[in-house]
Visitor: 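This is the structure I have questions about; it appears just below.
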Amino acid sequence: MKKPEEEASLLEDYVSDSVDHRGSPAAKSSTGGWRSAWFIIGVEVAERFAYFGIACNLINYLTGPLGQSTAAAAVNVNTWSGTASMLPILGAFVADAYLGRYRTILAASLIYILGLGLLTLSASFILTGESEQRVNVSAKPSVSVNILFFCSLYLVAIGQGGHKPCVQAFGADQFDSGDPKEVISRGSFFNWWFLSLSAGISLSIIVVAYVQDNVSWAYGFGIPCLFMVMALVMFLLGNKSYRYPKGNREESSNAFARIGRVFFVAFKNRKLSLEGSGLGQGLLEDGPSEKHSGRLQFLAKAMIAREDGAEPCSGRDVEDAKALVRLIPIWITSVVSTIPYAQFMTFFTKQGVTVDRRILPGLEIPAASLLSFIGVSILISVPFYEHVFLPLARMITKKPFGITMLQRIGVGMVLSSFNMVLAALVETKRLNIAREHGLVDKPDVTVPMSIWWFAPQYLLLGMIDVFSLVGTQEFFYDQVPTELRSIGLSLSLSAMGLSSFLSGLLITVIDWATGRNGGENWFNTNLNRAHVDYFYLLLAAFTAIAFIAFLFISKLYVYRRVDQ
């Protein structure tokens, strides 16, 4: 017989809640950890290359070959981007409740590839003039080509919706939450994940944007399709090294049911008294959360036994429900504070088109190439954060993680508000130069201002990503029940999605309000007569207000405990 020490050692060599590709207990020596995480990071690098190959220059495609106005194109980009960021909620639900993360990634990849293939086909129709044999090159594409384009574009959004939350959650699943060393590695995983995919994004922006502007839009859409095929192949190559969450489908389905039941039972018991039921606060796992009088106490009524014999909810179910409710205020402030993030693929790019884009004699870069500065900033910021900022923060705070996740998000909010002020100042300078040189009514003439003036706001976007975006993803992954971690990541993505919708709504309302009765339209197609700088200052104010609300909310927030 094995000694108890040997049995304990044997258990430590396996991950309790995961299996390998054969369905056997996942051995730490042959599965998971960084060996499988790098496969998944590689998949995400290829997927981000594909996504940003479409997204980075989309506004120029809409205002160019498709002939849309600047305001209409900006709304369409925001609507598509918002949809692509909201759909991960649906993808995460399908994964957590039905298919599991692995199978959802496979299905989403196939949809993704189909969408990119059809997108390439639609661009080919415009390129070759096969759609209704257009003789007049200035004419807009036919309705059928527009339908094909937008259908394929939203197929890409659907594919991304299933792919994005599941790949990242599946990558984090490769680290054992019961092993302190692997928990620390998981925190680093989110940082290095973001650094690696930023390299893919930067490469995509530099290569694909150049091909789209100087070679062909068909080739520019075809290259992302090829990279998505490569992502699927790479994902399949790592099959034998992955850790697969045990009982994913059954447990996740129960998680939705048991947490939903808390709200239902609490509502039924709303007239009952906790004091009269004999339930003490000591029965609740997350004791500190009850120090704030009355906060979420109504959910504890789900634990009261009714006279009809219905089974009450457990303390764990109630705490999981409370954890989800506590995330709502944080999520709302995240939505408002990320509205500025929607501008870098719309107005930032359109501004870049109007200025001098020569970086060397005879070498002019596409305006969308400036997005590569975000990736460069991230490539610098992540190692700085890991090896300089965190060690200093640990020395000061005496905490193993240096700063809390909410503090990290808050720093990103401050930087975001400052960046909008900076962007407004740069745009004001561009407008002044255009007026000084008599170019207000000459939108096709290059404004004699170097494109390097726009570099700082892109570099700041990279720093904002490292603090706010990565912090939000880690926070929502960590603060939901284990079975719902795909949902947790999708919540962080959906905040960006809703912010894109709100940005589109703001643009529509402001465009109508400022353009009626012959007023100065903030989003005039002639950017030399527009006032995008006013819009940036408005967004800076919104972000500052969201940060003040975030400070108040974060002081009351209580982190949930790790699942028992």
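Along the sequence shown, residues are numbered consecutively beginning with 1.
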Visitor: Which one of D441, N521, N524 satisfies the side-chain hydrogen bond (donor to acceptor under 3.5 Å, both in side chains) criterion with R529?
Guide: D441

Visitor: Given side chains that start at C-beta, do those of L506 and L539 come closer than 4.5 Å, heavy atoms only?
Guide: yes

Visitor: Hey, are the side chains of P340 and T543 touching, using non-hydrogen atoms and a 4.5 Å cut-off?
Guide: yes

Visitor: Shortest non-hydrogen contact from T333 to A549?
Guide: CG2-CB, 4.1 Å

Visitor: Side chain of T83, backbone of T79: donor and acceptor closer than 3.5 Å?
Guide: yes

Visitor: Going by the angle between their ring planes, with limits at 30° and 60°, are F467 and F389 parallel, tilted or perpendicular?
Guide: perpendicular

Visitor: May I ask you to check whether F348 and Y458 place their ring centers less than 6.0 Å from one another?
Guide: yes

Visitor: Would you check if F227 and Y51 make a side-chain contact, meaning some heavy-atom pair closer than 4.5 Å?
Guide: no

Visitor: Is the shortest heavy-atom distance from the side chain of I451 to the side chain of R358 under 4.5 Å?
Guide: no

Visitor: Only one of N76, N146, T63 passes side-chain hydrogen bond (donor to acceptor under 3.5 Å, both in side chains) with Q68; say which it is.
Guide: N76

Visitor: Is a donor from one side chain sitting under 3.5 angstrom from an acceptor on the other, for N528 and R430?
Guide: yes

Visitor: Kindly indicate whether the side chain of M463, heavy atoms from C-beta on, has any atom under 4.5 Å from the side chain of N419.
Guide: no

Visitor: Describe, in one word, how the ring planes of W522 and Y534 are oriented to each other, choosing from parallel (under 30°), tilted (30 to 60°) and perpendicular (over 60°).
Guide: perpendicular

Visitor: Would a 4.5 Å heavy-atom cut-off, applied to side chains only, mark Q407 and V411 as touching?
Guide: no

Visitor: Under 3.5 Å, side chain of Q160 to main-chain N/O of A84, donor-acceptor pair present?
Guide: yes

Visitor: Sort out for me which residue in F552, F475, F550 forms a ring-ring contact (aromatic ring centres under 6.0 Å, His included) with Y557.
Guide: F475

Visitor: Between K350 and N60, is there a side-chain heavy-atom distance shorter than 4.5 Å?
Guide: yes

Visitor: Using side-chain heavy atoms (C-beta onward) and a distance below 4.5 Å, is N78 in contact with I507?
Guide: yes

Visitor: With no hydrogens and no angle check, do the side chains of D213 and N57 hold a donor and an acceptor under 3.5 Å apart?
Guide: yes

Visitor: Roughly how far, to the nearest 0.5 Å, is OG of S381 from CD1 of I374?
Guide: 11.5 Å

Visitor: At what distance, to the nearest 0.5 angstrom, does OG of S450 lie from CZ of R357?
Guide: 12.0 Å

